[in-house]
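Note: hydrogens, waters and symmetry copies are ignored here, and every other heavy atom, side chains too, is used. Ligands are counted one by one from 1 in listed order, and the atoms in each one are counted from 1 as well.
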Amino acid sequence: MATEANYLLVDIALPVPPRRVLTYTIPPPLREQVEVGKRALVPLGPRLVTGYIVGLLSSEPVSPPGLKPIDAILDQEPLLDHHLLELTRFVADYYLTSWGLVIRAAMPPGIDRGTIRTVELIESPDLSSHPLSVDRLIKGTDKLSPLQREILTMLQTRGRMDLSSLKRRWPAKEVNALIRTLVNLDLATLVYREHMPTVRPIYRSLLDLAADRAVVQTEIDALRKRAQRQASLLEHLLQSGSKLTSAEATAIAGVSGVRRLIAKGFIRRTTEEIERSPWEETAIATDLWPTPNSAQQTAIDGLLEGLRSRTFFPALLHGATGSGKTEVYLRVIGEVVRRGKQALVLVPEIALTPVTADRFRSRFGNRVALLHSGLSPGERLDQWRRIKRGMADIVIGTRSAVFAPLSRLGLIVVDEEHDASYKQDDEPRYHARDVALTRGRMLGIAVLLGSATPSFETTHHAKEEAYRLFRLPERVENRVLPSMTLIDMREERLSRHVLSRNARYAARDSPTPPLQNEGTGGSGGRGAPLIFSERLTDAIKKTLAKGEQVLLFINRRGYARLLLCRECGFTLRCPHCSVSLIYHAADGRMRCHYCDYRERPPSGCPQCGGIACGWFGYGTQQVEAAVRMLAPDATLARMDRDTTRRRHAYRQILRDVQQGRTQILIGTQMVGKGHDFPGITLVGILSADASMQLPDFRAGERTYALLTQVAGRAGRGDRPGHVIVQTYNPEHYCILAARNHDYEALYRIERPLRERRGLPPFGFLVLLLVASSHEGHAQENAERLADLLLERAASFPDRSRGQALAIEGPAPAPLYRLKGRYRWQILAKGLDPRALRHWVKETIALLPPSEQAGIEVDVDPVDLC
Ligand code: ADP
Ligand code: ZN
């Protein structure tokens, strides 16, 4: 309760690196408002930050010295209830991160206040009088590095920028050096600038009757003769029973008329929140509910039984692509809602959401809410508030929606549970599927994981009967799973020289980079890269001739993979990250896919001056160019991160394919995400190998999932689908397993490998990444941490079969340099997850704070490279 005046101190969870919860005093005027679950603005060093009240402490005779008072309470009502506080705290402990960061991830973005460090350029009134103006600095060559000049140019157009956003875009070292120079020259200052929430609820003012109907009627009669317009307004409000906006009311009674009616107490102003809706259009006519087939019915019955048990009920729905999993979700959710409970449906990515969301909405109407980052901040806030007020029965959302403020939750569905996007790749590094299971356990409800290609871990739990397993082995309505043909690209390459003569298109007519094109690798022949096998070329033409649609999958955006000199072996790399730059035809630049560094392609080899530089490998853009040559009349669309930056771009591309306007869709893994494209009968997987070669123990499972999911887009309509997979490893077990739709085969091969190495789900992992802009420091710190871990391992009781905690590494991270920082990694392993976490946490705590700050901790990592 807000009125307990004997509370003097509050515990605040802060969404910033000191991982602790800090205690503050409450100044008397704020005591009435203080409540657990509300936000507070508090001082932290020279800054003000938004934190979360997580505890109230009993009064003490005198307040302990050194505690600071909170500055303001930001909410009228708590944003977090007891359950969400408990859940976020559990998640923070589990992932060895700060509670405040997890709470912030659970909140709609943009609602906080605080101060941020900002660089502001100092305007000098007469630029020419200043010996070193910003302009001159940019043009001059001595003082600044090329990158610093780039940053300064940006700063000049904006006038001022947040330090954190500068450092997100450019290496911290360069930003710091530039700022030092500017401050020394009196050209810039660093200030703490207060920022307000960037998004708020919006309200409008409405006019409503304030008196009894009978009294109003009497007044209307009285006003009829002398104030006709006022009478009309009252009449309107009385008759319609609804409220009017100020503008509408003024149009009827005039400004003074409205004012007089308010003064006399017949009408009053009220405010009403306006909801910004994410829906493009109102719900389309209700869908018919298809009658479940027998496999679906068995799953539905089993799940309903689980719901009735009122205990934690984790289940896996393993169903082929197009087997009707979503129908099962819809049925079970229908039952949940009928019982007055709510359902949360998690989906991996925005690309999936519009279609799924429309389907839910056409069944359940307006009680469906959406929560994902594709919404505008205002829409997201309003959806969140709607959910918080209990106005949604069903929430569909991506990762962070797992924290949706639902108070009557009865079921959580995690669709495509294997998808790596459920794991957040920066702090807090939680996995939404695992948080969903935790939330389900805490609430004692059902959690349904669904996938055509379940993760190895989930499959294992289902096999061990920790989860109930339901299967939908066949596609609905007797549609067959697509047949898959493997093309051995090694053979294709041998016969390549014959083909290459007719296939020079890419080098001559298409919008190619200014250098010649080379083969896809090694000592391959000259000419265009080998993109299409003869078989695939044929199949594309035939499919188009039949009026059917084609999907082409390539797991790389951009034009070409790398620029390589055949004379000296030089490749053009990012100066800040250890990756090759990738050519983008759209702006004619080489780009880094990690830090977005860009530069013009060189005209010759920058190293040896030779002219034998050429492009190797290919991405979506080059495929697009090649397809235009192959099928000049076909309508085609490309779906990758470059073409889907605009807000509704996904929707438009997907709709054009669904409605048959696009004949060929080219895309990255985005195209494999559960879309229902009834007209696609041919899927071409241009290269199955890239994901298989990653140095990650999940590479096999990922490749299987990717192939199966992309292939699963074929033949979802009346006509059967066919898939052509091009590969240099046609005998690889995960490619064969995918072709045979045989997940068991993959599981049988991988299980002993994982068990032997103590990898998930048999053991647990924590990945530690030690980074520094100084190469030597990164290595030294990583080695020191590894030594310390080994030294301390013996003192941690591992309750599991006597097997000790262990580490792999330290080793340079697979992506060794990122945004100018050198990265080393250590993989900590243990069979007892609790002992493992304690060991890691307590060892890191022994290091000096500056070293701790350079360590990233990833519990249950899903990406090891
Ligand atoms: P999944 O989620 O497994 O990919 P969906 O639930 O999207 O499968 O089903 C694929 C298609 O089949 C959808 O168009 C859906 O409306 C339809 N469908 C699902 N179940 C049935 C059924 N029992 N009878 C007829 N059509 C069905
Ligand atoms: Zn880079």
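A 4.5 Å side-chain heavy-atom check between H732 and T727 finds every atom pair outside the cut-off.
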Take Y430 and F403 through the test ring-ring contact (aromatic ring centres under 6.0 Å, His included) and record every step on the way to the result. CA-CA 11 Å; Y430 65 95; F403 298 109; 5.3 Å; yes

Under the ring-ring contact (aromatic ring centres under 6.0 Å, His included) criterion, do F456 and H418 qualify, and how do the steps go? CA-CA 8 Å; F456 190 93; H418 63 280; over 10 Å; no

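Around ligand 1 you find P290, T291, P292, N293, Q296, A320, G322, S323, G324, K325, T326, E327, R359, V476, E477, D676, R716, each with a heavy-atom distance below 4.0 Å.
Shown here is R641, whose CZ atom has no more than 12 heavy atoms of other residues, nucleotides or ligands within 6.0 Å.
A salt bridge links E744 and K463; the closest N-O separation between the charged side-chain nitrogens and carboxylate oxygens is under 4.0 Å.
We find the CZ-NZ distance between R719 and K546 to be 8.5 Å, quoted to the nearest 0.5 Å.
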